[in-house]
A.B. asks: 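Once you've had a glance at the structure underneath, I'll fire off some questions.
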Amino acid sequence: MESLQLIPLFGSTIEMRLCLFFNNPNFQPSLIQITLNKIESGLIPLLDHASKHDIEVDLQDVFLRFMYDTSSNIMMNHDPNSLSIDLPYNPLLKAVTDGQRVIFLRHLLPTCIWKFMRWLNVGQERKYKQAWKTLDSVIYSQIYMKREERKEEKGQETQVRVDLLTLFMDKEENNTNNYKFLRDTIANFFLAGAETTSTALSWFFYLLSKHPQLVHKIKDELRNNNVNNESFLRNFTEVSGKLIYLHATLCETLRLYPSIPFDPKASIEPTTLPSGHRVTPNTQIFFALHAMGRMKSIWGDDCNEFKPERWIEKGGTIKHEPSYKFSVFGAGPRTCIGKQMAFTQMKIVAATIIHNYHIDVVQQSDHIPEGSLVSRVKNGFKVKVCRRP
């Protein structure tokens with residue numbers, strides 16, 4: 001079973017297509033509408049049900065389901081409806097989680113050991129292979145359905161849709177059998193978008209539970225800007241720019257709990273780093289983003305404090321921090337092109353929950369990041385939800 005080929009997004013035709021996708025004038029309205037639809041059909045009914053029946057919910061699981069449903073819709077124009085009151089079993093969610101844990105372990109084990117386990121098809125490597133079979137089954141079935149759908153629509157007038165799979169199929173008309181390329185593209189966005197954004201939301205509400213006074217500041221900001229579901233539908237882009245404290249709190253969350261805790265890079269050719277260190281080909285360099293967010297030399301003596309105010313200028317605008325200092329979205333030409341999409345979805349979800357619900361953490365002990373490629377909350381983030389009057 002072949003593993004995921006991480007596509008080099010920059011300096012390629014793929015980058016151009018992705019830029020076209022994100023810069024399409026229909027994309028932002030489509031993103032907002034898809035997110036709002038999932039809030040109305042999935043998130044609010046689930047939280048209302050939990051509030052009415054005094055049921056504990058794992059917010060981390062809820063956010064993960066939310067992001068996979070919306071990401072599937074954005075990428076493939078398909079909603080798997082994994083976020084519902086009965087929280088149905090979704091093999092894709094487990095497969096991605098299992099796969100990421102194995103990849104993380106590969107960074108810890110000597111290469112010869114995990115490759116030997118892969119050859120024997122035992123232990124974690126066996127689990128990895130099974131995870132990819134599940135992922136392939138889900139994504140390939142959607143690719144096949146999309147191709148059949150497009151064959152039926154050929155020559156007919158259809159509604160304009162903005163989804164990633166359609167875009168790449170349009171550009172691959174002369175290579176209709178390139179299923180693996182499409183599979184890798186979709187899988188990349190599942191891993192880079194849905195997983196990271198859901199994790200950031202989990203840590204956001206965890207930190208707010210430790211600092212309830214900040215919830216009141218965000219509520220006041222939402223109230224001052226007349227934020228409710230209807231205003232989101234009308235002009236979210238305009239409203240979003242006014243939610244300064246909410247944006248600052250999200251940035252502070254990502255500083256302390258970056259969704260990707262470390263960022264490995266490898267040199268292709270011999271080079272010299274700005275520090276003067278000589279690097280040989282194939283040398284791996286790890287940027288420890290989790291540690292960087294807690295270094296006094298970078299963020300000052302109060303680096304361990306959760307302090308959204310550090311992101312706000314005296315004039316009340318968002319303070320820009322250079323990417324070499326705040327590197328959770330990458331830096332330079334490798335900056336994540338989905339950054340704005342992530343902030344858009346996080347703001348909509350966060351504002352909706354804070355405006356409509358009160359969250360009580362069930363387990364008061366400290367939560368710690370899980371050992372994986374993505375810094376999920378270990379053992380989940382269980383809460384009780386109360387609907388605000």
Side-chain angles (χ1 to χ4, degrees), residues 34-35 37-74 79-102 104 127 131 134-135 138 189-210 250 253-254 257 259-261 342 345-346 348-350 352-354 356-387:
I34 287 171
T35 304
N37 289 344
K38 180 51 59 174
I39 284 175
E40 294 173 357
S41 65
L43 183 62
I44 289 179
L46 173 62
L47 296 183
D48 280 349
H49 177 75
S51 174
K52 181 178 179 181
H53 298 281
D54 195 29
I55 298 173
E56 295 179 8
V57 294
D58 182 354
L59 271 189
Q60 183 164 246
D61 180 52
V62 169
F63 291 146
L64 188 58
R65 291 169 180 270
F66 179 93
M67 288 307 304
Y68 267 95
D69 283 358
T70 54
S71 295
S72 293
N73 216 326
I74 292 167
D79 187 349
N81 291 313
S82 62
L83 181 63
S84 59
I85 291 175
D86 56 343
L87 295 176
Y89 173 72
N90 188 331
L92 179 63
L93 301 184
K94 184 178 184 304
V96 173
T97 300
D98 289 345
Q100 286 183 348
R101 286 173 178 164
V102 177
F104 177 75
K127 183 179 290 187
T134 301
L135 191 64
V138 172
F189 273 81
F190 266 133
L191 298 174
E195 290 281 319
T196 54
T197 304
S198 64
T199 297
L201 281 169
S202 300
W203 287 115
F204 171 79
F205 281 98
Y206 163 74
L207 288 168
L208 286 186
S209 72
K210 295 287 187 179
L250 288 168
T253 298
L254 290 167
Y257 292 97
S259 298
I260 305 295
Q345 291 193 287
M346 286 192 294
I348 294 176
V349 172
T352 299
I353 293 179
I354 292 172
N356 292 294
Y357 302 96
H358 174 73
I359 304 294
D360 280 324
V361 181
V362 174
Q363 185 181 357
Q364 293 298 330
S365 59
D366 285 339
H367 295 70
I368 60 174
E370 182 180 67
S372 182
L373 290 179
V374 178
S375 294
R376 298 187 189 90
V377 185
K378 190 173 183 179
N379 299 322
F381 182 45
K382 294 183 179 180
V383 301
K384 282 195 174 182
V385 181
C386 180
R387 179 75 155 168

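Only heavy atoms go into these numbers, but all of them, side chains included; no hydrogens, no water, no symmetry mates. Here the structure is a predicted model, which is why all the values come from computation and not from measurement.
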A.B. asks: Any heavy-atom pair between the side chains of P369 and Y257 that's under 4.5 Å?
C.D. replies: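 Contact flag for Y257/P369 side chains = yes.
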A.B. asks: What distance separates T70 OG1 from D79 CG, expressed to the nearest 0.5 Å?
C.D. replies: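 One gets 8.5 Å once the value is rounded to the nearest 0.5 Å.
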A.B. asks: With sequence neighbours left out, what residues match S259 under side-chain hydrogen bond (donor to acceptor under 3.5 Å, both in side chains)?
C.D. replies: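 If we apply the side-chain hydrogen bond (donor to acceptor under 3.5 Å, both in side chains) test to S259, skipping adjacent residues, there are no hits.
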A.B. asks: List for me each residue that meets salt bridge (Lys or Arg N to Asp or Glu O under 4.0 Å) alongside K94, sequence neighbours excluded, and say none if there are none.
C.D. replies: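 Only D98 meet the salt bridge (Lys or Arg N to Asp or Glu O under 4.0 Å) criterion with K94.
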A.B. asks: So which atom in F204 and which in A350 form the shortest heavy-atom distance, rounded to 0.1 Å?
C.D. replies: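 Scanning both residues completely, I find the closest heavy atoms to be CE2-CB, 3.6 Å.
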A.B. asks: Taking D69 for its side chain and S82 for its backbone only, find out whether a donor-acceptor pair lies under 3.5 Å.
C.D. replies: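 Flag set: sc D69 to bb S82 pair under 3.5 Å.
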A.B. asks: Just say parallel, tilted or perpendicular for the rings of H53 and H49, cut-offs at 30° and 60°.
C.D. replies: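 Ring orientation of H53 relative to H49: tilted.
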A.B. asks: State, to 0.1 Å, how close S198 and L64 come at their nearest heavy-atom pair, and which atoms those are.
C.D. replies: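 Answer, listing the atom of S198 first, then L64: OG-CD1, 3.4 Å.
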A.B. asks: Would you say that L208 contacts I354 through its side chain, given a criterion of any heavy-atom pair below 4.5 Å between the two side chains?
C.D. replies: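 Side chain of L208 against side chain of I354, heavy atoms only: contact under 4.5 Å found.
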A.B. asks: Looking at residues at least two apart in the chain, or sitting in another chain, which of them share a salt bridge (Lys or Arg N to Asp or Glu O under 4.0 Å) with K127?
C.D. replies: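 Partners of K127 under the salt bridge (Lys or Arg N to Asp or Glu O under 4.0 Å) test: none.
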A.B. asks: Starting at CG of L93, measure out to CE of M67 and round the result to the nearest 0.5 Å.
C.D. replies: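 The distance works out to 12.0 Å.
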A.B. asks: Show me the donor-acceptor pairs, under 3.5 Å and distance only, between side chains in residues 55-63 and residues at least two apart or in other chains.
C.D. replies:
residue : atom : partner : partner atom : Å
D58     : OD1  : Q60     : N            : 3.0
D58     : OD1  : F381    : N            : 2.9
Q60     : OE1  : V377    : N            : 2.6
Q60     : NE2  : V377    : O            : 2.9
D61     : OD1  : R65     : NE           : 3.3
D61     : OD2  : R65     : NE           : 3.0

A.B. asks: Taking R387's backbone N and O only, do any of them form a donor-acceptor pair with S51's side chain (distance below 3.5 Å, no angle check)?
C.D. replies: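 A pair under 3.5 Å: yes.
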A.B. asks: Does some side-chain heavy atom of V385 sit less than 4.5 Å from a side-chain heavy atom of V383?
C.D. replies: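 They are in contact (side-chain heavy atoms under 4.5 Å apart), so the answer is yes.
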A.B. asks: With salt bridge (charged side-chain N to carboxylate O under 4.0 Å, His left out) as the rule and sequence neighbours excluded, what pairs involving residues 189-207 come up?
C.D. replies: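 Every salt bridge (charged side-chain N to carboxylate O under 4.0 Å, His left out) pair that includes a residue of residues 189-207, provided the two are not neighbours, is E195-R376.
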A.B. asks: Under a 3.5 Å threshold, yes or no: a donor from one side chain and an acceptor from the other, between Q345 and T197?
C.D. replies: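 Judged by distance alone, the side chains do not pair up.
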A.B. asks: Taking only residues two or more places apart in sequence or in another chain, which ones pass salt bridge (Lys or Arg N to Asp or Glu O under 4.0 Å) with D86?
C.D. replies: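 Applying salt bridge (Lys or Arg N to Asp or Glu O under 4.0 Å) to D86 gives none.
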A.B. asks: Between CG of L46 and CD1 of I39, what distance do you get to the nearest 0.5 Å?
C.D. replies: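 Spacing of CG (L46) from CD1 (I39) equals 12.5 Å.
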A.B. asks: Any side-chain heavy atom of Y68 sitting closer than 4.5 Å to one from V96?
C.D. replies: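 In short, these two side chains touch, coming nearer than 4.5 Å.
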A.B. asks: Can you name the nearest heavy-atom pair linking S209 to V361, along with the distance?
C.D. replies: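 So the minimum-distance heavy-atom pair works out to CB-CG2, 3.2 Å.
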A.B. asks: Hey, what do you get for CG (N356) to CG (D48), rounding to the nearest 0.5 Å?
C.D. replies: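 N356 atom CG to D48 atom CG measures 8.0 Å (nearest 0.5 Å).
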A.B. asks: Would you mind reporting whether K38 and N81 have side-chain heavy atoms less than 4.5 Å apart?
C.D. replies: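 Yes, close enough: below the 4.5 Å cut-off.
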A.B. asks: What's the separation between atom CG in N379 and atom NE2 in H367, rounded to the nearest 0.5 Å?
C.D. replies: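 Reported to 0.5 Å precision, the distance equals 8.0 Å.
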A.B. asks: Taking all non-hydrogen atoms of both residues into account, name the closest pair between A95 and A131 and its distance.
C.D. replies: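 Looking at all heavy atoms of both residues, the closest pair is O-CB, 3.2 Å.
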A.B. asks: How long is the straight-line distance from CD1 of I34 back to OG of S71, given to the nearest 0.5 Å?
C.D. replies: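 It is 9.5 Å, given to the nearest 0.5 Å.
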A.B. asks: Taking C-beta and beyond as the side chain, do L201 and T253 meet within less than 4.5 Å on heavy atoms?
C.D. replies: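 No - every pair of side-chain heavy atoms lies 4.5 Å or more apart.
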A.B. asks: Under a 4.5 Å cut-off applied to non-hydrogen side-chain atoms, are L373 and I260 in contact?
C.D. replies: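 A side-chain contact under 4.5 Å is absent here.
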